[in-house]
Amino acid sequence: MLRMSTLFLRTLRDDPADAEVPSHRLLVRAGYIRRIAAGIYSWLPLGVITLRNVERIIREEMDTAGFQEVHFPALLPREPYEATNRWEEYGPSLFRLQDRKGGDYLLGPTHEEMFTLMVKGEYSSYKDLPLVIYQIQNKFRDEARPRSGIIRGREFVMKDSYSFDLTDEGLDISYQRHRDAYISTFDRLHLKYNIVKAVSGAMGGSKSEEFLAPCDTGEDTYVLCPKCGFAANVEAMVTKVAAADASKVPALEELDTPNTPTIDSLVAVLNEKFGGGYTGASTLKNVMLMADNKAISVLVPGDREVDLKRLQAGLPGVEELRTFEEADFAKFPNLVKGYIGPQDAEKSGITVYADPRVAPGTSWVTGSNKKNRHARNVVNGRDFTPFAYVEAAEIREGDACPECTTAVVIDRAIEIGHIFQLGRKYADALGLTVLDQNGKSQVVTMGSYGIGVSRAVAAIAEQSYDEIGLSWPLEIAPAKVHIVATGKEDLPFDTALDIGNKLEAAGISVMLDDRRDPSAGVKFKDAELIGIPIIMVVGKSLADGKVELRNRKTGEKSEVALAEAVNSVTALIASLS
RNA sequence: CGGGGCGUAGCGUAGUGGCUAGCGCGCCUGCUUUGGGAGCAGGAGACCGGGAGUUCGAAUCUCCCCGCCCCGACCA
């Protein structure tokens, strides 16, 4: 039983000045966590219990799924990360340090290498596969900008699992098993979430999905279809535009368009010239970019910006992508800034990519590569041909769902889980092979699956607080019942302790506010701030042989006979679970 | 890393050159109080982020450094 008279806890009356998002503000105020440095937090008793509850649920679900727990050190030698090139690739986000002999070490940001090597050390036959192992452990990433309390920290708790299979089909099965396990895990954590298609990014591999918990303070933006449920990371959103019939479009016509280097100015001139009907969407924007120091042009409708993250996701292998600077324009004198068109880009040695919105057969107004000249009726496939199509334009609310064409909504969320098929990248780099049925050596294929454990605590808080404090789901809260004893006599305190003991004997965890000094009001405020789902008040109504039960979330109150206190709590718990 | 804001007691803050750095919360002692962050009285707690400088005098002005928060870039 947690007894507040001795519990190591101090709640704060004022919001901490350095906390803005609700989870951070309330977890600090209610005495769960304290900041140590940017993105680094200590956990006080209430916080530790809550974090352990989340861990326990995750661990139970992983074990139920048949995954086996292992544990690695956080302090790791350089060599394995050298083998996969990540000692370099991870850049400044990696915490590096040296031992007394000058040897290089790191604090693990993620453990693909270690897991791969562990399996390599133990297994060498296809008969041992499939295998799934996991750990719950602290990760270290020197984030450029830690933020939002424990939502994005530099040290955080993560559950990471890895699957090992001989075949791609096996990997699909392992992936699906993990997906199922995550669904039951997040359901038990009482998190609202969407499973969202993601791009695999730098980790390589084919299939990838994120579990996103919607909340206003989330840092991930994703697209959701309200009709068919399609959900995708902005990077993974695809655009479907059918090819147009351009057979009736008149021939390309060059126009005098002085002083129209911007889309807005061009549209104004067009409407003046041709009596209206033109919008930014009628024009074709040629955005010049440097992709690993190679000049490319990307075509998007004039009313849309290029989303560099989306574009980069669609250009595998490209590491540095940036827009043209003055110096770059100087290298391509054929490019007339403000009047660029795709018609003779090839002559300039520029590779042209088009967003799918610039579909074959569509007709556009665009630059004609001459100062103060544009062209209309410029048809894709007739007057220019893109080298390739790539998702480049920004996504907007109202864009068509790729599955059912319904207008999508854009929402914010916290990424609480990520599952993806790694493939053979790490096994290849570290030489993880097994012998197959024919005695032939085969590289193992892997999957990687992560849950942000400490982040999940924040995400749950973000989804369940109100204006007076936290409000945890039953299984997450530091206790199931918070008994508040009030008054100055011994009776309510003795009675409260007695009920507490009975509840604990019945397997129901209890926090007891047995402080004698604070007034009832202080205790009520603290109880509401701390957020245990059931609050029992033992005080005034004791004179009538009753205690009061309150539902923290709904605010409902009821009085029950003292003799029925334990049964009533049991019933209330049953109704809450 | 770019832009913005900030740093005074455990927490929230006042104090733009001049007396012993002020207030609220919290903490300690006593008395009164005890169902919605009680009252009175007394008390402890601050090298004002650090360093250098300007000045008769610096929390306050200048420079450098450090740290924190927010927006953006970044984020397996």
Side-chain angles (χ1 to χ4, degrees), chain A residues 9-21 24-25 28-31 34-40 44 81 84-86 89-94 108-113 115 139-149 151-154 156 158 160 162 198-205 208 210 217 219-220 233 235 308-309 312 319-323 415 417-420 422 425-426 446-450 452 455 468-469 484-489 492-493 513 515-529 535 537-543 547-548 550 557 559:
Chain A
L9 169 72
R10 191 102 301 156
T11 57
L12 306 176
R13 289 205 185 187
D14 299 306
D15 282 336
D18 61 357
E20 286 199 7
V21 301
H24 187 198
R25 191 164 49 78
V28 171
R29 201 143 90 77
R34 291 287 181 258
R35 194 184 62 76
I36 295 301
I40 303 175
L44 280 67
Y81 288 77
T84 54
N85 202 32
R86 289 214 292 190
E89 253 175 32
Y90 230 99
S93 297
L94 193 62
T110 173
H111 281 74
E112 280 80 4
E113 286 82 353
F115 273 84
K139 305 288 188 201
F140 299 83
R141 294 180 194 174
D142 194 0
E143 296 282 352
R145 183 149 94 85
R147 78 186 90 180
S148 308
I151 292 178
R152 175 172 292 276
R154 293 193 293 171
F156 57 96
M158 183 169 170
D160 52 330
Y162 302 86
V199 290
S200 312
M203 297 294 290
S208 172
E210 290 174 358
T217 48
E219 49 181 3
D220 288 20
N233 197 307
E235 285 81 4
L308 285 178
K309 282 173 105 166
Q312 185 149 19
E319 281 178 10
E320 197 210 347
L321 189 65
R322 58 172 177 81
T323 50
E415 181 186 342
H418 195 168
I419 54 177
F420 56 101
L422 278 180
K425 175 178 169 178
Y426 291 90
M446 294 168 57
S448 163
Y449 318 89
R455 179 182 280 184
I468 54 175
V484 176
T486 68
K488 56 184 167 183
E489 309 301 329
F493 288 84
D513 195 343
R515 294 175 296 174
R516 302 297 289 245
D517 285 342
S519 66
V522 170
K523 295 182 180 185
F524 294 150
K525 294 284 186 200
D526 273 346
E528 284 148 2
L529 179 62
I535 298 171
V537 184
V538 181
K540 222 164 56 176
S541 52
L542 207 52
V547 296
E548 188 181 317
R550 299 180 183 179
K557 297 180 185 179
E559 289 201 332

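What you see is a predicted model; the values in this text were computed from it and never measured.
Taking the charged nitrogens against the carboxylate oxygens, A/E112 and A/K425 have no contact shorter than 4.0 Å, which rules out a salt bridge. Of the charged side-chain nitrogens involved, none lies within less than 4.0 Å of a carboxylate oxygen, so that A/D517 and A/R515 do not count as a salt-bridged pair.
Contact annotation: side chain of A/R35 to base of B/G10, donor-acceptor pair absent below 3.5 Å.
Distance noted for atom C1' between B/U8 and B/A58: 14 Å (whole Å). Taking atom C1' in both B/U60 and B/G17, the straight-line distance is 7 Å, to the nearest Å. When the P atom is used for both B/G43 and B/G49, the distance is 27 Å, rounded to whole Å.
Note: CZ (A/R515) to P (B/G37) measures 15 Å, nearest angstrom. When the P atom of B/C25 is taken as reference, atom CG of A/L12 falls 15 Å away, rounded to whole Å.
Both distances falling under 3.5 Å, in either a Watson-Crick or a G-U wobble arrangement, place B/C1 opposite B/G72. Across all strands shown, the partner of B/G10 is B/C25, judged by Watson-Crick or G-U wobble contacts whose two distances both fall under 3.5 Å. In this structure, B/C40 and B/G30 make a Watson-Crick or G-U wobble pair, each of the two defining distances being under 3.5 angstrom. B/C47 is unpaired under the Watson-Crick or G-U wobble criterion, no partner having all donor-acceptor distances under 3.5 Å.
Partner of A/S448 under the side chain to side chain contact (heavy atoms under 4.5 Å, CB included) criterion, out of A/D160, A/L422, A/I419, A/T110: A/L422 alone.
In this structure, A/P92 reaches neither bases nor backbone, as no heavy-atom distance under 4.0 Å exists between it and the strands shown.
An OP1 or OP2 oxygen of B/C75 is reached within less than 4.0 angstrom by no side-chain nitrogen or oxygen of A/R145. Close to B/G37, at under 4.0 Å from its OP1 or OP2, lies no side-chain N or O of A/K525. OP1 or OP2 of B/A38 lies within a sub-4.0 Å distance of a side-chain N or O belonging to A/S519.
Ring orientation note: the planes of A/F420 and A/H418 are tilted relative to one another, at an angle of 30° to 60°.
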